[in-house]
Novice: 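If you scroll down you'll find the structure; I have some questions about it.
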Amino acid sequence: MLFTFTSCTRSTSTAGNDAAAPQEQALSEADLDKARTNYVNYCGGCHGRELQTFVNRKWQHGASAKDLFKSIKFGHPQEGMPAYDTTFTDQEINLLVAYLRNGINSQKSLGNTPDLSKGAVYQSEEFRFRLDTVVTGLEVPWAMAFLPNGDMLITERSGTLYRFTQAKQLQKVAGTPEVLAQGQGGLLDIQLHPDFSKNQTLFLSYSAVKREGGQTLSTTAVMRARLQGNTLQDQKVIFEAQPYDRTRHHYGSRLAFGRDGFLYLTMGDRGGTKTNPQNLSVHAGKTHRIKEDGSIPADNPFVDQKDAMPSIFTYGNRNAQGMARNPETGEIWLHEHGPKGGDEVNIIRKGANYGWAEVTYGINYNGFKISDLQQKAGVTDPIKVWVPSIAPSGMAFVTGNRYKGWKGDLLVGSLSFRFLSRLKVNGNNIEGEERLLQDIGRVRDVRMAPDGYVYVAVESPGRIFRLVPVQE
Ligand code: HEC
């Protein structure tokens, strides 16, 4: 069988650039197979195994054959797109280009999540549950927080903070910080102060922007503010990672309060694999621990070390987009994205080194080894590794009595494989995994709400669901 594709795709940004592209090419089944294998192994983790991120796309760098070829060969390193010039021959790249164009045309309907308006019922190992659609009409909801009166706050990565009211209205909250909503950046996590009902204080993380010498730079920052009605007041930036960077990815940004009352935050490596995570004089590639006003706890591990950033709590971290306090032990757990393979769950302990990028279970996106080492003296081993990567985001421990058999387990979203993972926790060990809600969409956040239900935020189209066990 022959698969054909034409050069006439739905290019939006570079019409007219197609002149250099082949008019029509035939893909033999063998070529298609090769391209599919390369696509799944090298691209699917970030772009979706079924080309999800390419369907209905607003192309940044053009969709002509020539543009795609350039994107793949040279990458867009500042946006987090690796270069494949040392991995593939030009011919292999051309096959990938054909595979993309062919696939995108035949899969326009992908990217839609299943119709759940009637409340789909799912079977878990322990019980059946219904999926209620709570919020629709969002794009990329990055995080949720639940107010004492039952309203929900939702961050949209593009920069808006919403209040979703009991009356099911989405209202905008004013006074949010300026964000650089490019690549993985934007308005990111939200966390309420433990005494929110008394002080109405909350914390937002985001990619802050600085324009300098003709360049636009960004970094991860945390703002504290008071919520008065639908306005933020008394805004104060309590953390601003140094230095600012030209890249647009690996911002980390998850926030959690420890039992010690301090605010923990994850800071991604910003793409500086070699330069940042093992270097204590920069903020990137670490977790940090600060007081609620941004000052530094006196017993942070590196406060007395010259040239070390005093907010550092752990180092050798890559890009953690999920973090939560274990309600049993009080310790902070997080997961981090590995490169190609090697996503990890770690328990965060004062001063510990988690090894990135000297030690990893993953390999580089372009297929080359990052390190021969998976373990090393002085490096804390993860308690769970995913190979291949699931691209984890969001994290919550199951509490309360609604979910029989899940209590104490850890829920984690998967962006690339589009499911909700339930990790079976026993003490400080993970003893199994159940994959729920397969193909629900890119799961960005998961939280336990005060009403005792699990809420899950999914991207593009942005929706928020609630898991309701079915009584039998
Ligand atoms: C580490 C994650 C990652 C991997 C692996 C990856 N990409 Fe990308 N890619 C990105 C990011 C991030 C962008 C920037 C645009 C965006 O934010 O989606 C991008 C952009 C692109 C673009 C340009 C899109 C546009 O809007 O113009 C193309 C084409 C592309 N990738 C193809 C591929 C192919 C083919 C592979 C496999 C050989 C691949 N990518 C592997 C992350 C990745």
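Note that the coordinates shown come from a computational prediction; the quantities given were computed from them, not determined experimentally. Order of listing sets the numbers, starting from 1, for every ligand and every atom in it.
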Novice: Among Tyr99, Tyr84, Phe88, whose ring-ring contact (aromatic ring centres under 6.0 Å, His included) with Tyr39 holds?
Specialist: Tyr99
Novice: Among Leu265, Ile190, Ile238, which residue satisfies the side-chain contact (heavy atoms from CB on, under 4.5 Å) criterion with Phe203?
Specialist: Ile238
Novice: Which heavy atom of the protein is the closest neighbour of atom 18 (O) of ligand 1, given with residue, atom name and distance?
Specialist: Arg57 NH2, 2.9 Å
Novice: Using heavy atoms and a 4.0 Å limit, tell me yes or no: is Tyr39 in contact with ligand 1?
Specialist: no
Novice: Counting each atom of ligand 1 from 1 as listed, which ones have a heavy atom of Tyr42 under 4.0 Å away?
Specialist: 5 (C), 37 (C), 41 (C)
Novice: Measure the shortest side-chain to side-chain distance between Ile464 and Phe164 over non-hydrogen atoms and say whether it is less than 4.5 angstrom.
Specialist: no
Novice: Is a salt bridge present between Lys70 and Asp67, judged by a nitrogen-to-oxygen distance below 4.0 Å?
Specialist: no
Novice: Salt bridge or not for Asp189 and Arg254, using N-O below 4.0 Å?
Specialist: yes
Novice: Looking only at protein heavy atoms, which one is nearest to atom 37 (C) of ligand 1, and what is the separation?
Specialist: Cys43 SG, 1.9 Å
Novice: Select the closest option to atom 10 (C) of ligand 1 among His47, Glu79, Gln60, judged by heavy-atom distance.
Specialist: His47
Novice: Given His250, Lys58, Gln182, Met81, identify the one with the heavy atom nearest to atom 20 (C) of ligand 1.
Specialist: Met81
Novice: In the protein, which heavy atom is nearest to atom 41 (C) of ligand 1, and how far is it?
Specialist: Tyr84 OH, 3.3 Å
Novice: With heavy-atom distances below 4.5 Å as the criterion, would you say the side chains of His288 and Phe239 are in contact?
Specialist: yes
Novice: Please work out, at 4.0 Å between heavy atoms, whether the side chain, the backbone, both, or neither of Ser71 comes within that distance of ligand 1.
Specialist: side chain
Novice: Note the single closest protein heavy atom to atom 27 (O) of ligand 1, along with its residue, its atom name and the distance in Å.
Specialist: His61 N, 2.8 Å
Novice: So for Pro82, does at least one of its heavy atoms come nearer than 4.0 angstrom to any atom of ligand 1?
Specialist: yes
Novice: Looking only at heavy atoms, is any part of Gln184 under 4.0 Å from ligand 1, and if so is it the side chain, the backbone, or both, or is it neither?
Specialist: neither
Novice: Under 4.0 angstrom from ligand 1, any heavy atom of Leu68?
Specialist: yes
Novice: Are Val443 and Val456 side-chain neighbours, meaning at least one heavy-atom pair lies under 4.5 Å?
Specialist: yes
Novice: Heavy-atom pairs closer than 4.0 Å: do any link ligand 1 to the side chain of Ala63, the backbone, both, or neither?
Specialist: neither
Novice: Nearest protein heavy atom to atom 42 (C) of ligand 1, by residue and atom, and its distance?
Specialist: Gly80 O, 3.5 Å
Novice: Does any non-hydrogen side-chain atom of Ser158 lie less than 4.5 Å from one of Glu139?
Specialist: yes
Novice: As an exercise, identify every atom of ligand 1 less than 4.0 angstrom from a heavy atom of Phe54.
Specialist: 28 (C), 30 (C), 32 (C)
Novice: Say whether, by atom type as modelled, one donor and one acceptor occur between the side chain of Thr247 and the main chain of Gln78 under 3.5 angstrom.
Specialist: no
Novice: Using a 3.5 Å distance criterion without hydrogens, assess whether the side chain of Arg325 forms a donor-acceptor pair with backbone atoms of Gly258.
Specialist: yes
Novice: Give me the residue, atom name and distance of the protein heavy atom closest to atom 1 (C) of ligand 1.
Specialist: Cys46 SG, 2.8 Å
Novice: Looking only at heavy atoms, is any part of Lys340 under 4.0 Å from ligand 1, and if so is it the side chain, the backbone, or both, or is it neither?
Specialist: neither
Novice: What protein heavy atom sits nearest atom 17 (O) of ligand 1, and how far away is it?
Specialist: Gly183 CA, 4.3 Å
Novice: Quick one: CG on Leu227 to CG on Leu202, what's the gap to the nearest 0.5 Å?
Specialist: 6.0 Å
Novice: Can Lys340 be said to sit on top of Tyr42's aromatic six-ring, NZ or CZ under 6.0 Å from centre and within 45° of the ring axis?
Specialist: yes
Novice: Check each atom of ligand 1 against the heavy atoms of Trp59 and keep those under 4.0 Å away; list them by number with element.
Specialist: 24 (C), 25 (C), 26 (O), 27 (O)
